[in-house]
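Report on the structure given below.
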Amino acid sequence: MSLSDYNITVNCISPGWIQNENYDQLKPADHLQHPSGRVGHPEDIANACFFLCAPENDFINGQNLVIDGGMTRKMIYEE
């Protein structure tokens, strides 16, 4: 609210499992436990940042964007 007079939107991104190295070494079970069918890539987060920063998306304000392949909804993790 304090920054809205300056046309500044404030949003956040809550990432889930984002694998930034050795992606090919993940097990099939790692991918299958995600409702999206895969572990996240850094690009998944970057794309959300680009979306939120685009001027035409200035009506999105005060939101938490969860990018976790659906794991928050599932709430069951393999060990």
Side-chain angles (χ1 to χ4, degrees):
M1 294 304 299
S2 61
L3 298 173
S4 62
D5 289 342
Y6 305 101
N7 295 322
I8 296 174
T9 61
V10 178
N11 298 290
C12 69
I13 294 175
S14 295
W17 182 353
I18 304 298
Q19 189 74 19
N20 60 7
E21 59 184 25
N22 302 321
Y23 196 89
D24 57 332
Q25 295 179 13
L26 295 172
K27 301 175 200 156
D30 295 331
H31 295 287
L32 292 175
Q33 69 177 315
H34 291 76
S36 291
R38 65 176 177 84
V39 173
H41 299 276
E43 294 82 6
D44 295 318
I45 305 304
N47 288 334
C49 292
F50 290 133
F51 173 78
L52 290 173
C53 291
E56 61 270 18
N57 296 323
D58 65 346
F59 200 62
I60 302 170
N61 200 349
Q63 299 304 306
N64 177 30
L65 184 57
V66 178
I67 304 174
D68 67 354
M71 290 301 290
T72 300
R73 296 290 179 203
K74 183 177 177 185
M75 293 302 296
I76 299 171
Y77 299 88
E78 300 291 328
E79 294 192 29

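Counting begins at 1 with the first residue of the sequence. Below, all heavy atoms of this structure are taken into account, side chains as well, without hydrogens, waters or symmetry copies. No experiment lies behind these values; they were computed from the predicted model shown.
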For residues 51-63, which side-chain donor-acceptor pairs fall under 3.5 Å, sequence neighbours excluded?
residue	atom	partner	partner atom	Å
Asn57	ND2	Phe51	O	2.6
Asn61	OD1	Val10	N	3.0
Gln63	NE2	Asn61	O	3.3

**OP:** With sequence neighbours left out, write down each residue that passes side-chain hydrogen bond (donor to acceptor under 3.5 Å, both in side chains) with Asn7, or none if nothing qualifies.
**Re:** none
Subject >> Nearest non-hydrogen partners of Gly70 and Pro35, listed with the distance >> reply: O-CG, 3.6 Å
Subject >> Smallest separation among heavy atoms of His34 and Met71, with atom names >> reply: CD2-CG, 3.3 Å
List the atom pairs, with distances to 0.1 Å, where a side-chain N or O of residues 12-19 and a protein N or O form a donor-acceptor pair under 3.5 Å, not counting sequence neighbours.
residue	atom	partner	partner atom	Å
Ser14	OG	Asn64	OD1	2.7
Ser14	OG	Asn64	ND2	3.3
Trp17	NE1	Gln19	OE1	2.8
Gln19	NE2	Glu21	O	2.8

Original post:
Applying salt bridge (charged side-chain N to carboxylate O under 4.0 Å, His left out), which residue pairs with at least one partner in residues 22-37 are found, sequence neighbours left out?
Top reply: none
**OP:** Give every residue pair that meets the salt bridge (charged side-chain N to carboxylate O under 4.0 Å, His left out) criterion with at least one member in residues 3-18, sequence neighbours excluded.
**Re:** none
**OP:** If you link ILVMFWY side chains whenever their heavy atoms are less than 4.5 Å apart, which other residues fall into the same cluster as Leu32? By chain and number, please.
**Re:** none
Which donor-acceptor pairs under 3.5 Å do side chains of residues 38-45 form with protein atoms, sequence neighbours excluded?
residue	atom	partner	partner atom	Å
Arg38	NH1	Asp44	OD2	2.9
Arg38	NH2	Asp44	OD1	3.0
Arg38	NH2	Asp44	OD2	3.4
His41	NE2	Tyr23	OH	3.4
Asp44	OD2	His41	N	2.7

Subject >> side chain to side chain contact (heavy atoms under 4.5 Å, CB included) partners for Ala46, two or more places apart >> reply: Phe50
